2 protein chains.
Amino acid sequence: MTSTSQPDPSGQPAGRGGYAKGRAKRAEVIQATIVSIAESGFHGASLRDIAARAGISHAGLLHHFPTKAHLLMAVLEHRDDVDGVDLDEDVAQGVSFIEAMIGLAERNARRRPVVEAFTVLAAEATTPDHPAHAYFKIHYNEAIASATQSFRELKAAGRLRPEVDPEREGAQWIALMDGLQIQWLQSLAEPDGRPLDMAAELRYRLDAMLTTPSN
Amino acid sequence: MTSTSQPDPSGQPAGRGGYAKGRAKRAEVIQATIVSIAESGFHGASLRDIAARAGISHAGLLHHFPTKAHLLMAVLEHRDDVDGVDLDEDVAQGVSFIEAMIGLAERNARRRPVVEAFTVLAAEATTPDHPAHAYFKIHYNEAIASATQSFRELKAAGRLRPEVDPEREGAQWIALMDGLQIQWLQSLAEPDGRPLDMAAELRYRLDAMLTTPSN
DNA sequence: GTCTATATACCGATAGAC
DNA sequence: GTCTATCGGTATATAGAC
């Protein structure tokens with residue numbers, strides 16, 4: 001045979017693992033969308049700009065994602081998949097959700113466009129008619145619930161100082177992460193001085209609540 | 001951070017009480033801009049929508065503010081003036097900056113569009129080429145510096161627990177305020193359940209750091 | 001100070017060729 | 001699967017009448 005690893009150029013099912021080219025282009029478009037939203041927000045990002053970054057026309061993009069809102073949802077779902085894998089891995093190893101969130105902050109410090117995009121989207125999506133509003137409502141409810149539950153467990157294990165209230169700390173932990181992301185992004189825009197260390201800030205906050213140091 | 005009075009923004013010397021109508025219309029436009037940015041962000045807000053809310057045409061609006069960016073700057077400066085008056089008042093009465101920020105959170109809970117607009121602007125403006133980028137860089141540096149200094153003073157007065165680090169708490173205090181604003185806005189979009197009490201959350205956080213209850 | 005009318009550019013989305 | 005061409009709409013900004 002001639003070329004060995006030709007992944008179905010015709011765009012047909014091909015039984016097991018078809019649509020390789022289509023899925024690769026979709027992934028490229030999703031990455032381009034994250035960068036564009038990071039720079040301009042959802043309203044400001046244009047399909048033409050995103051398509052150009054992905055190396056296709058904007059009509060070609062709309063073949064993969066029928067509307068701009070569909071594209072946005074694909075970005076959000078993709079992020080859930082990526083983060084979910086890492087968090088599940090940590091939790092499977094017995095790491096508490098709170099500790100896993102510090103790990104997430106560490107990984108985020110290596111993915112600036114993702115943080116930029118989600119920071120602006122979370123702010124935009126507080127308006128009820130934003131296409132990502134429902135997503136962030138669920139996303140935040142779950143994150144706060146998980147953090148709260150984690151603090152409850154730490155409290156039950158006697159690892160939290162007596163005056164610490166798990167019911168408040170869950171929401172405040174998520175709020176702190178969001179606020180630190182804004183400051184981290186701003187610190188990257190300042191040429192002098194080193195960037196904010198989000199994970200170190202979170203570690204400090206957690207240690208301040210623990211009866212014994214975390215590490 | 002100019003907390004003093006505006007020297008006639010219309011550009012001409014008001015002399016003996018001139019330009020009253022122009023200034024009133026400018027104020028109306030600024031309020032309309034806040035609402036529009038709150039709903040759509042800066043990129044998504046349109047001059048036609050803003051002008052319609054203020055009861056003029058978009059060309060009439062551009063008579064007062066030559067470009068969209070000029071309009072944005074006017075909004076930011078106006079907010080500095082309004083908040084500056086309240087904060088200066090508190091500080092003049094001997095209230096610490098941290099306590100004054102809790103008061104600000106209380107007032108913000110009665111100004112949803114302002115919080116919406118500034119939450120989305122702060123996120124958008126982390127990109128260096130956003131027209132509000134320079135403003136927020138200064139704004140955050142000042143806010144963090146003031147909060148840090150306030151924590152230093154509390155520490156020196158022996159009112160902070162020994163393990164509390166004033167150098168970290170200033171930035172974390174501002175981060176917490178930002179994150180709570182996002183959650184407060186989201187809580188307003190949920191018909192069930194009562195809204196998040198930002199001031200109560202901050203009071204809890206402060207009390208957790210103090211050797212003696214704050215109030 | 002505000003308007004109508006317009007210039008110029010870009011938007012999201014569709015149609016149809018290949 | 002991707003393209004070119006195009007539709008209908010809206011964007012910021014300007015020109016000039018009143």
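Here the structure is a predicted model, which means the values were calculated and not measured. In what follows, chains are A, B, ... by sequence order, proteins preceding strands, each numbered from 1. Only this structure's heavy atoms are used, side chains among them; waters, hydrogens and symmetry mates stay out.
- Of the residues in residues 62-78 of chain A, those placing a heavy atom less than 4.0 Å from an atom of DNA chain D are A:His63, A:His64, in numerical order.
- One can place CG of A:Leu47 at 13 Å from C1' of C:dT14, the figure rounded to the nearest angstrom.
- At the heavy-atom level, B:Ala45 lies under 4.0 Å from the strands shown only through sugar-phosphate atoms.
- Along DNA chain C, the nucleotide nearest B:Leu61 and the nucleotide nearest A:Phe42 are compared for position; the residue whose nucleotide lies closer to the 5' end is B:Leu61.
- Residues passing the salt bridge (Lys or Arg N to Asp or Glu O under 4.0 Å) test with A:Asp49 are A:Arg53, sequence neighbours excluded.
- Expressed to the nearest 0.5 Å, how far CD1 of A:Ile98 lies from CH2 of A:Trp173 amounts to 5.5 Å.
- In this structure, B:Arg26 places its CZ atom 13 Å from C1' of C:dG1, rounding to the nearest Å.
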- Heavy atoms under 4.0 Å is the rule here; annotate nucleotides 4-10 of chain D 5' to 3' with B where the base is hit, S where only the sugar-phosphate is, and - elsewhere. B-B----

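- Residues passing the ring-ring contact (aromatic ring centres under 6.0 Å, His included) test with B:His78, sequence neighbours excluded: none.
- Aromatic rings of A:His58 and A:His63 (six-membered ring for Trp) have centroids beyond the 6.0 Å cut-off, not under it.
- Annotation: salt bridge (Lys or Arg N to Asp or Glu O under 4.0 Å) contacts of A:Asp83 (sequence neighbours excluded): A:Arg79, A:Arg111.
- Legend: side chain to side chain donor-acceptor pair (under 3.5 Å) pairs involving residues 178-189 of chain A, not counting sequence neighbours, sorted by first then second residue: A:Tyr140-A:Asp178.
- Side-chain contact check for A:Gln93 and A:Glu89: no donor-acceptor pair (N or O, by modelled atom type) lies under 3.5 Å.
- Remark: C1' of C:dT2 and CD1 of B:Ile50 are 17 Å apart, rounded to the nearest angstrom.
- Remark: C1' of C:dC10 and NE2 of A:His43 are 17 Å apart, rounded to the nearest angstrom.
- Side-chain atoms of B:Thr67 and B:His70 form a donor-acceptor pair, as typed in the model, at a separation below 3.5 Å.
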